[in-house]
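This report concerns only the one structure given below.
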Amino acid sequence: LMSISTERGATELGTTQLLFRELLQSWVFNSNAGARFLASQNYARLRGMREVVVTSSTYVGSADYFCDGTADQTEINAAITAMNAAGGGLVRLTEGTYYLSATVAMMDDVTVAGPGAIVEKNGAFAAFTFSAVDRSTLEDVQIQRNAADTNNNHLVLIQSASTEIVVAACRMVDPYYGFLYVDEATDVRIIQCIFQSSAAAGVAGWGGRVSTAAASRRVIIERCLFTGIDVYLSLNGIEGEANANVFAEIDARTMITGN
């Protein structure tokens with residue numbers, strides 16, 4: 001907008017003239033554009049979401065909840081509960097590492113997102129659990145186990161009649177028991193995630209698996225990358241097409257590499 005001018009006579013309606021200059025830009029495709037957009041932390045405002053911020057123990061800046069590097073699930077769960085009570089919204093994790101001594105319990109209508117956040121579990125629990133949860137999203141978080149964690153739990157667990165669950169743009173690294181497990185859940189989308197294993201599977205060959213069981217339905221795995229040692233999909237215990245349920249769709253752009 002370059003200028004504004006107005007004219008108005010004594011006995012007539014006024015007029016307003018606006019002068020604009022149009023700027024032309026030659027746009028070039030850049031595969032990092034999406035990552036930069038997430039890192040800008042503007043996506044919540046674009047979606048019109050309520051938002052609270054949780055900081056790692058090493059982050060310096062303003063926030064609503066402050067973790068201290070010990071049992072950080074306490075602050076994250078408090079933020080999730082607050083957003084759920086408000087009718088839904090975004091829990092944004094700042095950069096840094098979050099150390100869990102118990103699970104992060106996802107709730108209805110809440111998105112947890114954390115560009116630059118690393119969530120590390122150490123114990124007999126999943127890092128993130130969706131249990132009887134509807135319309136919930138986990139986005140852009142790296143999830144891993146502590147090197148000393150040899151417990152039989154997945155990094156992410158989706159179970160107990162949960163519906164409309166999205167896990168997007170997450171990186172899951174070196175699980176002992178498995179990356180992600182879908183159990184009795186419906187309408188689950190796993191999108192643009194990286195499942196990375198740099199060591200041999202921890203338990204009974206299950207260390208690098210994404211698996212499903214017990215009547216899960218309409219699970220879509222799209223544009224994901226499975227890479228490393230002992231990485232695979234295990235599609236078990238499903239309801240098939242005989243009862244009109246499309247159980248699992250593996251997008252052609254999903255890649256599995258390694259051993």
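A quick note: this is a predicted structure, and the numbers were derived from the prediction, not measured. All residue numbers refer to positions in the sequence shown, counting from 1.
- Side-chain heavy atoms closer than 4.5 Å link hydrophobic residues (I, L, V, M, F, W, Y) into clusters, and following such links, even through other members, never connects I118 to I194.
- Here the closest heavy-atom approach between residue T55 and residue Y59 is recorded as CG2-CD2, 3.6 Å.
- In this structure, R50 contributes its side chain and G88 its backbone to a donor-acceptor pair below 3.5 Å.
- Of all the heavy atoms in Q73 and L100, the pair that sits closest is OE1-CA, 3.4 Å.
- Taking 4.5 Å as the limit, every side-chain heavy atom of R189 sits out of range of all side-chain heavy atoms of V167.
- At a threshold of 4.5 Å between side-chain heavy atoms, the hydrophobic network of Ile, Leu, Val, Met, Phe, Trp and Tyr places Y99 and L93 in two separate groups.
- For the atom pair D187 CG and S162 OG, the distance stands at 11.5 Å (nearest 0.5 Å).
- Of the charged side-chain nitrogens involved, at least one lies within less than 4.0 Å of a carboxylate oxygen, so that E51 and R92 count as a salt-bridged pair.
- Scanning for ring pair (Phe, Tyr, Trp, His ring centres under 6.0 Å) contacts around Y98 gives an empty result, with sequence neighbours left out.
- Residue V173 is not grouped with residue L157 when hydrophobic side chains (ILVMFWY) are merged at heavy-atom distances under 4.5 angstrom, including chains of intermediate members.
- Here the straight-line distance linking atom CG of L155 with atom CD of Q142 works out to 10.5 Å at 0.5 Å rounding.
- Pairing each heavy atom of T150 with each of Y176, the nearest pair is O-CE2, 3.2 Å.
- To the nearest 0.5 Å, atom CD of residue Q159 and atom CD1 of residue I165 are 11.0 Å apart.
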Evaluate the side chain to side chain donor-acceptor pair (under 3.5 Å) criterion for residues S57 and D68: first the C-alpha distance (whole Å), next the side-chain angles of each, then the deciding distance (0.1 Å), finally the verdict. CA-CA 5 Å; S57 59; D68 62 5; over 6 Å; no

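- Residues F130 and S136 approach most closely at CE2-OG, 3.5 Å, considering heavy atoms.
- Here the straight-line distance linking atom CE of M172 with atom CD1 of I190 works out to 7.0 Å at 0.5 Å rounding.
- The pair R145-D174 fails the salt-bridge criterion, with no side-chain N (NZ, NE, NH1 or NH2) lying under 4.0 Å from an Asp/Glu carboxylate O.
- Here CZ of R217 is found 10.0 Å from CD of E184. Values are rounded to the nearest 0.5 Å.
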Apply side chain to side chain donor-acceptor pair (under 3.5 Å) to residues N151 and N153 and explain how you reach the verdict. CA-CA 6 Å; N151 292 282; N153 293 90; over 6 Å; no

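- Side-chain heavy atoms closer than 4.5 Å link hydrophobic residues (I, L, V, M, F, W, Y) into clusters, and following such links, possibly through other members, connects V52 to I76.
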Going by atom type alone, with no hydrogens or angles, which donor-acceptor pairs under 3.5 Å involve a side-chain atom of residues 79-86 and a protein atom two or more places apart or on another chain?
unit_1 : atom_1 : unit_2 : atom_2 : d
T81    : OG1    : N77    : O      : 2.9
N84    : ND2    : D108   : O      : 3.1

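- Checking side-chain atoms of T103 against main-chain N and O of A126 turns up a donor-acceptor pair under 3.5 Å.
- Using a 4.5 Å heavy-atom cutoff, the side chains of F128 and I143 are in contact.
- The CZ atom of F195 sits 5.5 Å away from the CG atom of L180 when rounded to the nearest 0.5 Å.
- Using a 4.5 Å heavy-atom threshold, the side chains of T186 and R218 count as touching.
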Begin with the C-alpha distance, continue with both residues' side-chain angles, and end with the deciding distance and a verdict on side chain to side chain donor-acceptor pair (under 3.5 Å) for E120 and T97. CA-CA 7 Å; E120 182 175 290; T97 302; over 6 Å; no

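- Put simply, V110 and V53 are part of two different groups of oily side chains (I, L, V, M, F, W, Y) that touch within less than 4.5 Å, one to the next.
- In this structure the side chain of V54 never reaches within 4.5 angstrom of the side chain of D64, judged on heavy atoms.
- For the pair L138 and C170, the tightest heavy-atom approach, listed with the atom from each and the gap, is O-SG, 3.8 Å.
- Contact annotation: the side chain of T129 never approaches that of V104 to less than 4.5 Å [non-hydrogen atoms, C-beta and beyond].
- Between the S56 side chain and the E95 main chain, a donor and an acceptor come within less than 3.5 Å of each other.
- A pairwise comparison of heavy atoms in P175 and Q196 identifies CD-O, 4.4 Å as the closest pair.
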